[in-house]
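Report on the following structure.
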2 protein chains.
Amino acid sequence: MALKAVVFDAYGTLFDVQSVAAVTDAAFPGHGDYITQVWRLKQLEYTWLRSLMGQYADFWTVTREALAYTLATLGLVADEALFDRIAAAYDALEAYPDAEPALAALGAFRLAIFSNGSPAMLAALVGRSPLGRFLEASLSVDAKRVYKPDPRAYALVEEALGVAPAEALFVSSNGFDVSGAKQVGFAVARIERVPAPDLSRALVAAPAIGPSLMFKALRTQAERCGAAADWTIASLTDLPALAAQLAGR
Amino acid sequence: MALKAVVFDAYGTLFDVQSVAAVTDAAFPGHGDYITQVWRLKQLEYTWLRSLMGQYADFWTVTREALAYTLATLGLVADEALFDRIAAAYDALEAYPDAEPALAALGAFRLAIFSNGSPAMLAALVGRSPLGRFLEASLSVDAKRVYKPDPRAYALVEEALGVAPAEALFVSSNGFDVSGAKQVGFAVARIERVPAPDLSRALVAAPAIGPSLMFKALRTQAERCGAAADWTIASLTDLPALAAQLAGR
């Protein structure tokens with residue numbers, strides 16, 4: 001393929017959504033893991049439900065709605081300052097350790113983010129991280145007012161970069177995003193942050209399956225309702241070699 | 001309001017999705033609760049994702065995809081006969097005990113189901129239950145090839161029954177369905193199968209939050225991303241009085 005660009009999902013692929021755990025647990029000690037997992041699960045559900053209902057609201061709104069839902073299930077009340085402080089954790093996610101070296105090694109290609117995140121959230125995330133200097137653009141579905149995996153959202157990549165899906169490698173750890181990107185013609189690499197054998201071993205061996213394992217079970221595996229990735233790799237570390245191979249270099 | 005019809009969601013509202021637990025646990029002893037919960041969680045995720053991708057497949061297909069996903073997370077393999085036997089549990093869900101008396105007491109109104117279920121699944125469910133004789137129709141989103149909460153799905157109710165949303169009371173225990181029905185103009189009664197205080201007490205008191213509690217936390221509460229129900233009632237038992245009141249009787 002004439003590989004011109006590598007386009008990355010942000011949440012869960014370049015940035016670790018689990019890194020809000022310190023903030024959630026400090027806010028409500030003992031409930032951090034539950035809040036972290038349910039918050040993320042509902043956050044994505046709300047992007048899907050709002051898209052289906054034609055009721056787009058940006059990812060910052062959705063992130064706060066999902067947090068409000070999560071705290072309410074526990075019967076917990078956060079005053080406005082505390083609520084804002086927890087929500088802000090999504091603007092300060094840590095980049096995965098494999099992200100910076102991978103982006104640095106992909107210098108031969110145009111690099112961009114394409115994310116559900118609002119423009120302000122992506123600016124905050126990228127601005128705090130060392131990844132920004134490698135990225136040509138951080139594209140937000142906000143321009144399309146619909147979330148992944150709606151095909152209308154992915155159309156933004158070609159419009160903004162001038163690169164056709166067939167000339168771009170899309171990289172995501174999110175199963176629904178893999179299927180959505182594949183459907184519209186991207187070459188797709190799935191980052192397998194939780195290998196299937198590790199997950200099944202953990203699920204079968206666990207004396208109790210808690211929120212963290214439930215999250216892994218629900219959202220880290222390849223989906224069965226859409227197209228599969230072209231390549232599955234263990235981490236971003238394997239990406240430069242794959243991209244070079246695709247580009248015939 | 002000029003209440004003419006009462007329209008019911010099926011899965012979780014009239015029929016108990018938890019009633020597959022005996023089958024899942026018999027198939028894979030010790031894993032029944034996990035399979036039951038993840039299966040149902042993914043089943044609904046897949047209706048949303050397929051709708052967003054414009055890749056409709058009927059609820060029987062989606063139900064089997066979700067089961068395949070669930071078993072794969074555990075590293076379990078079911079041969080075709082066992083897989084079919086587990087999947088068939090969705091055609092044999094038990095009606096909630098409050099369903100038959102409620103429908104019997106609503107004889108003054110036109111009564112129908114409007115469900116994600118495929119026509120064949122709904123025929124099997126209703127055919128096995130004592131509810132069929134009270135129901136004028138079992139309407140499936142299949143006619144629209146898109147799932148709840150897409151507004152195009154709900155349009156079927158008026159088309160099939162000739163009753164405008166404003167003249168119908170829609171009844172559901174599913175938060176996303178409440179929001180979807182409310183958005184298109186139905187009067188909506190939410191059945192609160194898991195009261196919020198009970199859930200928060202259970203979550204806070206539990207030594208470990210397992211699959212069943214995670215399911216309740218994720219899918220039994222009112223959503224924060226859409227319109228709220230007009231009325232929230234504890235069970236279907238309270239429905240005849242509400243309907244009579246709305247009809248001014």
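As a basis for the values below, the full set of heavy atoms in this structure was taken, side chains included, without hydrogen atoms, waters or symmetry mates. Letters go in sequence order (proteins before strands), and every chain restarts at 1.
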Q. So which residues of residues 51-67 of chain B are in contact with chain A at a heavy-atom cut-off of under 4.5 Å?
A.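 Interface residues of residues 51-67 of chain B: B:Ser51, B:Leu52, B:Met53, B:Gln55, B:Glu65.
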Which of [options] touches chain B most, by non-hydrogen pairs under 4.5 Å:
{"options": "A:Pro211, A:Gly226, A:Ala196", "answer": "A:Pro211"}
{"options": "A:Lys42, A:Arg152, A:Arg201, A:Lys148", "answer": "A:Lys42"}
{"options": "A:Gln221, A:Arg224, A:Arg50, A:Gln37", "answer": "A:Arg224"}

Q: Measure the CH2-OG1 distance between A:Trp48 and B:Thr47 for me, rounded to the nearest 0.5 Å.
A: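 Going from the CH2 atom of A:Trp48 to the OG1 atom of B:Thr47 covers 10.0 Å.
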Q: Run the numbers on A:Leu41 and B:Met214 for side chain to side chain contact (heavy atoms under 4.5 Å, CB included), then give the verdict.
A: CA-CA 11 Å; A:Leu41 286 162; B:Met214 282 293 284; 4.0 Å; yes
Q.
Is any side-chain heavy atom of A:Pro149 closer than 4.5 Å to one of B:Leu49?
A.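 Touching, per the 4.5 Å side-chain cut-off.
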Q: Go through the steps to decide whether A:Thr73 and B:Lys216 satisfy the test side chain to side chain contact (heavy atoms under 4.5 Å, CB included), and finish with yes or no.
A: CA-CA 9 Å; A:Thr73 59; B:Lys216 287 180 182 168; over 6 Å; no
**Q.** Which atoms of A:Ser179 approach chain B - backbone, side chain, both or neither, heavy atom under 4.5 Å
**A.** both
Q | Test: A:Glu45 and B:Arg219 ion pair at under 4.0 Å | A |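 Salt bridge present between A:Glu45 and B:Arg219.
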Q | Heavy-atom contact with chain A under 4.5 Å, split by part of B:Tyr34 | A |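 When you check distances to chain A, only side chain atoms of B:Tyr34 fall under 4.5 Å.
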Please tabulate, one pair per line, all N/O donor-acceptor pairs under 3.5 Å involving side-chain atoms of residues 203-210 of chain A, not counting sequence neighbours.
none

Q) Of all of B:Gly75, B:Ala68, B:Cys225, B:Ser200, which one pairs up most often with chain A through heavy atoms under 4.5 Å apart? A) B:Cys225
